[in-house]
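Everything quoted here is computed from the prediction, not taken from an experiment. Starting from 1, each residue takes its place in the sequence as its number.
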Amino acid sequence: MATLSPSRITHLPQGVPDSTRLAQALRPWRTRLLLQHIAHWCMRGFLLALTLVALVLLIAHLFPWAYGLFWAIGLGCTSLLLTLLAAFWVRPSPERTMRILDHRLSLQDRLCTAWEMRDATSSLALMQRRDALIQLQLHTPTKTLSLRPHKFALLFFALIALAVTLLIVLPNPMDALLKQQAAFQTNIAHQITHIEQLRQQLAQVHTLTPQQKTQLDQILRQLETQLQQAKNGTQAQQALAQAQARLNQLSNPQTASKLAAQAAAGTSLQGSGNSSLGAVGQALRNNDPQALSQALQKLSSQISTMTSTQRSQLAQQLEQAANQASQNASLSSALHQLAKAVTDGNASAVNDAINALQTTANQNATAAAQNNSIAQASQGVQQAANNLAASTDSSTAQAQGQGQGQGQGQGQGKGQGQGGSGGANGAGSQHGKIEQVYVPGQIGSGTSTQSNNGNTGVVQPGNSIPYSQVIQEYSQMAHDAINSSNIPPDMKDLIQGYFSALEGQ
């Protein structure tokens, strides 16, 4: 600890340099040192914040990150705030201030000693405080403690600020991909809403059994979950195709043949000279159980008044209808039963046969309604797939720019005007109904030479042919190709549905 010689006590001025005078003399130095401390920490905070902002923006330029700028600003502000809090937390204490000043002023612990002995009343303590005051008067806080940052810090700050500015101003190549992803997610949300509405509608269908409702609800709920988890259009289309295949499996494949047999039997009875029997045939053909019930009641009331010959003719017509309904065993049996009862003229047997026929018709109508509801669900899923494909094609075309929507399909067919726009998938628009499509291979006047993989050949220019003919030819080619390949059934249905939609345009 530095001390002064006792021989200098006689030179002390009037007035004792107590702790108050020392504290007053040190106050501007402590304030200046605190400002310097805060300035240095603020510079560190700005450098850290800008570095984090630059790193986040750089990552957002390399990978699709929708909230990159938001995170950059948030991390920058957070790091700056934390740095300021850290600066306040580690601010210099009075003792540390004395040590710093001793080092900066090269006082060899004079200030530390004076501060430690600030409350002492000994002559040595007085001499220490007086010497500290004299040394402080030889320097000024503003010149000794500079607030300017180091040159290296300024250079680094300039470079990182320039980098951040460039990353903000220059176009981000990920923006187009982010827009596509946003459009995809929006479309996915729309399709999920559509499927949810379809699921709620099916839950209100009374013709479906509880088991069928449960199965439909499970399939559609699982589809919604898969669509929410889909990362791209391919995954979404796969989920839709799988759901559609599962829905189609719920349909009763025998219902169609039974209804066809019922329609054939109804057509046979419609030609009857008996108006009531003709009404029965029309009701069977239309699959209308209510109209069938009314027609059978009229027929039952007439049978009791018929002659044997009339009953025989009526029974013969019923037998013919029963033979036409051979693919529907229950309906054929009920018609045979009614024909025998009519021949016998047994009113009780006629009523039993009519009830059996009515029951069979009701069962067929219920089965048809169930299949129609399942088909409605399948069509709803197919519509979602079509909407998703159309939206994906539109987003891709916008990202690639106008004029790139016309893709080259098989045979390098080109659509004239805007017809057949859709880019890679070759989907035709409504304009294709009235526009011409050129297909190579049609013989015309003149030739042209083209090169394909280094080979040159002569190609005949195409002639204009109707759009419907082109779609029909390509559809047949696609059907032949998928039937002779190992494509999964759900994908076959998706491809066939796609060309069916094109043929309907």
- Message: What's the separation between atom CG in Leu52 and atom SG in Cys77, rounded to the nearest 0.5 Å?
- Response: 11.0 Å
- Gln290, CD atom: more than 12 neighbouring heavy atoms under 6.0 Å: no
- Task: Any chance you could measure Ile195, atom CD1, to Ile219, atom CD1, to the nearest 0.5 Å?
- Result: 12.0 Å
- Note on the structure: Between the CD atom in Gln383 and the CG atom in Leu240, the distance rounded to the nearest 0.5 Å is 11.5 Å
- Query: Do you know which of Gln317, Gln282, Gln313, Gln302 makes side chain to side chain contact (heavy atoms under 4.5 Å, CB included) with Leu277?
  - Reply: Gln317
- Between Thr359 (side chain) and Asn355 (backbone), is there a donor-acceptor pair under 3.5 Å? yes
- Message: Give me the atom names and distance for the closest heavy-atom approach of Asn274 to Met306.
- Response: ND2-CE, 3.3 Å
- Query: For the side chain of Ser312 and the backbone of Ser308, is there at least one donor-acceptor N/O pair under 3.5 Å apart?
  - Reply: no
- Query: Does some side-chain heavy atom of Arg199 sit less than 4.5 Å from a side-chain heavy atom of Asp217?
  - Reply: yes
- What are the two closest non-hydrogen atoms of Ala361 and Leu292, and how far apart are they? CB-CD2, 3.2 Å
- Item | Heavy-atom closest pair, residues Leu208 and Ser373 | CD2-CB, 3.9 Å
- Determine yes or no for a side-chain-to-main-chain donor-acceptor pair under 3.5 angstrom, with Arg285 supplying the side chain and Thr267 the backbone. no
- At their closest point, which heavy atom of Gln226 faces which heavy atom of Ala239, and how far apart are they? OE1-CB, 3.3 Å
- Message: Looking at Ala322, is its backbone amide N or carbonyl O close enough to the side chain of Ser332 to form a donor-acceptor pair, meaning the two atoms are under 3.5 Å apart?
- Response: yes
- Message: Can a side-chain donor-acceptor contact be found between Gln262 and Asn287 if the only test is distance below 3.5 angstrom?
- Response: yes
- Do Asn328 and Ser257 have side chains that get closer than 4.5 Å, going by heavy atoms? no
- Message: For a 4.5 angstrom cut-off between non-hydrogen side-chain atoms, does Glu196 reach Gln200?
- Response: yes
- Taking the side chain as every heavy atom from C-beta outward, state whether Gln376 and Leu198 have any atom pair closer than 4.5 Å. yes
- Item | Over 12 foreign heavy atoms within 6.0 Å of CH2, Trp71 | no
- Derivation and outcome, side-chain contact (heavy atoms from CB on, under 4.5 Å), residues Thr343 and Leu318: CA-CA 10 Å; Thr343 301; Leu318 289 171; over 6 Å; no
- Item | Close side-chain approach of Asn323 and Leu335, heavy atoms under 4.5 Å | no
- Is there a side-chain contact between Gln228 and Ile192 (heavy atoms, below 4.5 Å)? yes
- Look only at the side chain of Lys258 and the backbone of Ala368, and say whether a donor-acceptor pair between them is shorter than 3.5 Å. no
- Message: What I'd like to find out is whether the side chain of Gln215 reaches to under 4.5 Å of the side chain of Leu247, using heavy atoms alone.
- Response: no
- Note on the structure: Distance col, row Thr255:OG1 vs Asn371:CG, nearest 0.5 angstrom, shows 4.0 Å
- Does the side chain of Gln244 pick up a donor-acceptor pair with the side chain of Asn248 at under 3.5 Å? no
- Message: Please check this pair: side chain of Asn187 against backbone of Ala183, looking for a donor-acceptor N/O pair closer than 3.5 Å.
- Response: no
- Task: Answer yes or no: are there more than 12 heavy-atom neighbours, outside Gln316 itself, under 6.0 Å from its atom CD?
- Result: no
- Supply the atom-to-atom distance Leu80 CG to Leu47 CG, rounded to the nearest 0.5 angstrom. 10.5 Å
- Message: For the backbone of Pro289 and the side chain of Gln358, can you confirm whether one donor and one acceptor N or O come within less than 3.5 Å of each other?
- Response: yes
- Is there a donor-acceptor contact under 3.5 Å from the side chain of Thr186 to the main chain of Ala182? yes
- Task: Let me see the working for Leu75 and Leu55 under side-chain contact (heavy atoms from CB on, under 4.5 Å), right down to the final yes or no.
- Result: CA-CA 10 Å; Leu75 287 176; Leu55 288 176; over 6 Å; no
- Message: Looking at every heavy atom in both Pro171 and Pro173, which two are closest together, and how far apart are they?
- Response: O-CD, 3.5 Å
- Query: Hey, does Leu388 have a side-chain heavy atom less than 4.5 Å from the side chain of Gln237?
  - Reply: yes
- State the CD-NE2 distance between Gln185 and His190, to the nearest 0.5 angstrom. 12.0 Å
- Message: Taking NZ in Lys213 as the centre, count heavy atoms belonging to other residues, nucleotides or ligands within less than 6.0 Å. Is the count above 12?
- Response: yes
- Query: Of all heavy-atom pairs between Ile188 and Ala236, which one has the smallest distance, and what is that distance?
  - Reply: CD1-CB, 3.9 Å
